[in-house]
Amino acid sequence: MKDIINKYLVDKITRFLVNIFKLNEAEIDFVEKLISLSIINLFLILITMFNKVHILNIVIMIIYTIYVTKKDSDEILLNTIIFFVASSFLIENFWYATHISINTYAFYLKPILMMIIVFKILREREKYKGLIKDPVVLLIILLACINLLRIFLGGYSLNDFINGFYSYFIIFTFYLFAAINKFEYKYLYITMLLAQLPLVLFELLIYKDQDQITGIFGLHATNWSMLIISISIYYIFTMYMQKQVKIRRFIFILIYTFCIFMINETKMAFFIIPLSLLILILCNKDSLKKKIKIISFIIMTSLICMIGIIKIYPSFENILFNPKMIADYVFKQHSGFYQYNRYENLVFTNDVFLSETIDKFIGIGQGSAIPDRELSLDLYSRGRYFTDTPNSSKYNEYKLWGYHQSSLNTMFIDIGIVGVAIYILIITFMIYKSMKIYLKSIDFQDKALGMAYTLYAIGWIFEFWYTDVFYIVNSSMFFWVFSGIIHMKYSKLKSITE
């Protein structure tokens, strides 16, 4: 099967790309892996979705697991990212767009793939010894110790503990894996970016709810996918600041990405991204006249896209150009599904969930309030049944209150003020590393990557209050992989400068 795929699909697609992009030998090797793994994963997911013979699905999953374990570390990480993205995209969109009853076996392969990563880390532990001194890893260990304290205090179920372990600790393995292995991120990212606009245009034609028009990232992903897409803007603009690309490339990527945000009505993009770019422009050494031209273009593009949102979604006319309505939208607005808005839920959490002083400081246990990972399937079940993992105790009891609209609020319940402070400190350390890369590196691409991460992480902190970015597995995966890549670049720079 693999030989057939390589001969008839991978080779032909690779030759086509080589002719267009003039790839070198190393790039060709990565592209071949990317295409091969994408085809295999898509085939596996589709088979397990529609095959009704359950024992056959289990056999296929076992064979796939054995296949993955034989890969080297870089391929395992690449394969895992492809699988996470592809499984969410296919299963959630088929479920939402049709009334077909499909299997969700692929979702159960996600923790299996993460356990393979853990197994690889343990097997090659000599490679990871240097990371034990990394402040980020030390802070993660500190979070684990706080959770152990919660166990001794009682009132912490086994199911909640398992949920917490999955969301807080195994997901951090992406950071460890990406920090050591020489993962080539560029072509995977470009592939996702190029696929995004055609997909959202197609979804615009078939979906009425703009929250589902999120392209390759699956359903309910507008805000966190905006952060990932914005990386391309920050990267290209930083390259332009270093005179490595022409301004027309920045103009193209800004228009391309803003069209995506206009179609899926990601309002925050037109505030967060222009503000971030303004900071970069003011720090640039261009002439005042050139700065004014660039700022004018960014503002004009933002305004045109905001008007475009109103044309596509007329109900937002009273929001986008009204500062009071914008402030209310950020702090008080909530989905019609829930009883309380973001701010009210924070007060509710403090008064009801965390009534004891010790709970306010260390929470009630990691995993106690984690939202439903298959929320998209639950919302649009239409009488269909799927096998779901057990939800957290607080989510089952209080989900209609809407406390989980914000990652900050959910994390406050789980690990308290101390845990939230540690998490913010982790992001602060990562921003320190990325800024060191930007300021000290002599590699133009690394400098651009450092600045892109800095602005991405700042946007992540803001979104941390506004929506759920931490507990959505794919969102968290991208964050920790990107953070691991930044650590890898930082370590390399540190070894050179010392």
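In this structure, Lys433 and Val136 have side chains that are in contact, with non-hydrogen atoms separated by less than 4.5 Å. Between Glu463 and Trp224 there is no side-chain heavy-atom pair separated by less than 4.5 Å. In this structure, Ile253 and Leu193 have side chains that are in contact, with non-hydrogen atoms separated by less than 4.5 Å. Considering only heavy atoms from C-beta on, Val200 stays 4.5 Å or farther from Leu204 through its side chain. With a 4.5 Å cut-off on side-chain heavy atoms, Thr349 and Phe353 count as touching. Looking at heavy atoms from C-beta onward, Pro371 lies in side-chain contact with Thr410 at the 4.5 angstrom threshold. No side-chain heavy atom of Tyr166 sits less than 4.5 Å from a side-chain heavy atom of Ile370. In this structure the side chain of Asn79 never reaches within 4.5 angstrom of the side chain of Ile81, judged on heavy atoms.
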For residues 138-149, which side-chain N or O atoms pair as donor and acceptor with protein atoms under 3.5 Å away, sequence neighbours left out?
{"residue": "Asn147", "atom": "OD1", "partner": "Tyr156", "partner atom": "OH", "Å": "3.3"}
{"residue": "Asn147", "atom": "OD1", "partner": "Gln366", "partner atom": "N", "Å": "3.0"}
{"residue": "Asn147", "atom": "ND2", "partner": "Tyr156", "partner atom": "OH", "Å": "3.2"}
{"residue": "Asn147", "atom": "ND2", "partner": "Gln366", "partner atom": "OE1", "Å": "3.4"}

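Comment: Asp446 does not engage Lys440 in a salt bridge, judged by the lack of any side-chain N to carboxylate O separation of less than 4.0 angstrom. Note on Asp72 versus Lys120: no salt bridge recorded, every NZ/NE/NH1/NH2 to OD/OE distance being 4.0 Å or above.
Looking at Ser157, its side chain does come within 3.5 Å of a backbone N or O of Asp160 through a donor-acceptor pair. Of the possible donor and acceptor atoms, none in the side chain of Thr98 sits under 3.5 Å from a partner among the backbone N and O of Trp95. Side chain of Tyr453 to backbone of Ala448: no donor-acceptor contact under 3.5 angstrom is found. Side chain of Ser225 to main chain of Thr222: a donor-acceptor pair is present (N/O by atom type, distance under 3.5 Å, no hydrogens or angles). For the pair Gln212 (side chain) and Tyr96 (backbone), a donor-acceptor distance under 3.5 Å is absent. Remark: side-chain polar atoms of Ser441 are not paired, donor with acceptor, to backbone N or O of Tyr438 under 3.5 angstrom. At least one donor-acceptor pair under 3.5 Å links the side chain of Thr454 to the backbone N or O of Gly450. Distance alone, capped at 3.5 Å, is enough to place a donor-acceptor pair between the Thr69 side chain and the Ile66 backbone. Although no hydrogens or angles enter the test, the distance criterion places a donor-acceptor pair under 3.5 Å between the side chain of Ser407 and the main chain of Phe470. Side-chain atoms of Asn223 never come within 3.5 Å of backbone atoms of Val469 as a donor-acceptor pair (strictly under, hydrogens ignored).
Nearest heavy-atom pair, Ser392 versus Ala369, reported as atom, atom and distance to 0.1 Å: OG-C, 3.3 Å. When every heavy atom of His487 is checked against every heavy atom of Ala179, the shortest pair comes out as CD2-CB, 3.6 Å. For the residue pair Thr48 and Asn57, the shortest heavy atom distance occurs at CA-OD1, 3.3 Å. Across every non-hydrogen atom of Val68 and Ile116, the tightest pair is CG1-CD1, 4.0 Å. Of all the heavy atoms in Leu197 and Ile260, the pair that sits closest is CD1-CG1, 3.8 Å. When all heavy atoms of Thr257 and Ser232 are compared, the pair lying nearest together is CG2-OG, 3.7 Å.
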Handout entry: side chain to side chain contact (heavy atoms under 4.5 Å, CB included) evaluation trace for Phe482 with Ile486
Key = CA-CA 6 Å; Phe482 195 7; Ile486 289 298; 4.1 Å; yes
Practice task
Might you work through the side chain to side chain contact (heavy atoms under 4.5 Å, CB included) test for Met451 and Ser434, ending with a clear yes or no?
Solution key: CA-CA 7 Å; Met451 179 53 71; Ser434 61; over 6 Å; no
Practice task
Go through the steps to decide whether Lys110 and Leu113 satisfy the test side chain to side chain contact (heavy atoms under 4.5 Å, CB included), and finish with yes or no.
Solution key: CA-CA 5 Å; Lys110 288 185 177 182; Leu113 288 171; 5.8 Å; no
Practice task
Evaluate ring-ring contact (aromatic ring centres under 6.0 Å, His included) for Tyr423 paired with Phe464, printing each intermediate quantity in order.
Solution key: CA-CA 11 Å; Tyr423 182 67; Phe464 190 61; 5.1 Å; yes
Exercise for the section: Could you give me the CA-CA distance, side-chain angles and deciding distance for Phe94 and Phe50, then say whether ring-ring contact (aromatic ring centres under 6.0 Å, His included) is met? Expected result: CA-CA 11 Å; Phe94 267 104; Phe50 296 106; 5.3 Å; yes
Practice task
Please report the C-alpha distance between Ile45 and Tyr64 in whole Å, then the side-chain angles of each, then the deciding distance to 0.1 Å, and finally whether the side chain to side chain contact (heavy atoms under 4.5 Å, CB included) criterion is met.
Solution key: CA-CA 11 Å; Ile45 295 162; Tyr64 174 78; over 6 Å; no
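With no hydrogens or angles considered, no side-chain donor-acceptor pair links Gln405 and Thr467 at under 3.5 Å.
Partners of Lys70 under the salt bridge (charged side-chain N to carboxylate O under 4.0 Å, His left out) rule, at least two apart in sequence or in another chain, do not exist in this structure.
Rounding to the nearest 0.5 Å places CD of Gln196 at 9.5 Å from CD1 of Ile228. Here the CD1-CG distance, from Ile364 to Asp414, works out to 7.0 Å after rounding to the nearest 0.5 Å. In this structure, Tyr395 OH and Ile413 CD1 are separated by 12.5 Å, a value rounded to the nearest 0.5 Å.
Between Phe217 and Phe89, the distance separating the two ring centers is not shorter than 6.0 angstrom. Here Tyr403 and Phe412 keep their ring centres 6.0 angstrom or further from each other. For Phe479 and Tyr175, the ring centers sit 6.0 Å or farther from each other. In this structure, the ring of Tyr105 has its center less than 6.0 angstrom from the ring center of His54. A ring-centre distance under 6.0 Å is not found for Tyr456 and Tyr234. Between His404 and Tyr471, a ring centre-to-centre spacing not shorter than 6.0 Å is recorded.
Shown here is Phe202, whose CZ atom has no more than 12 heavy atoms of other residues, nucleotides or ligands within 6.0 Å. No more than 12 heavy atoms of other residues, nucleotides or ligands lie within 6.0 Å of CD1 in Ile442, so this atom counts as exposed by the packing criterion. No more than 12 heavy atoms of other residues, nucleotides or ligands sit less than 6.0 Å from atom NZ of Lys492. Within 6.0 Å of atom OH in Tyr256, more than 12 heavy atoms from other residues, nucleotides or ligands are found, so the atom counts as buried in its surroundings.
A cation-pi contact, defined as under 6.0 Å to the ring centre and within 45° of the axis, is absent between Lys436 and Tyr490.
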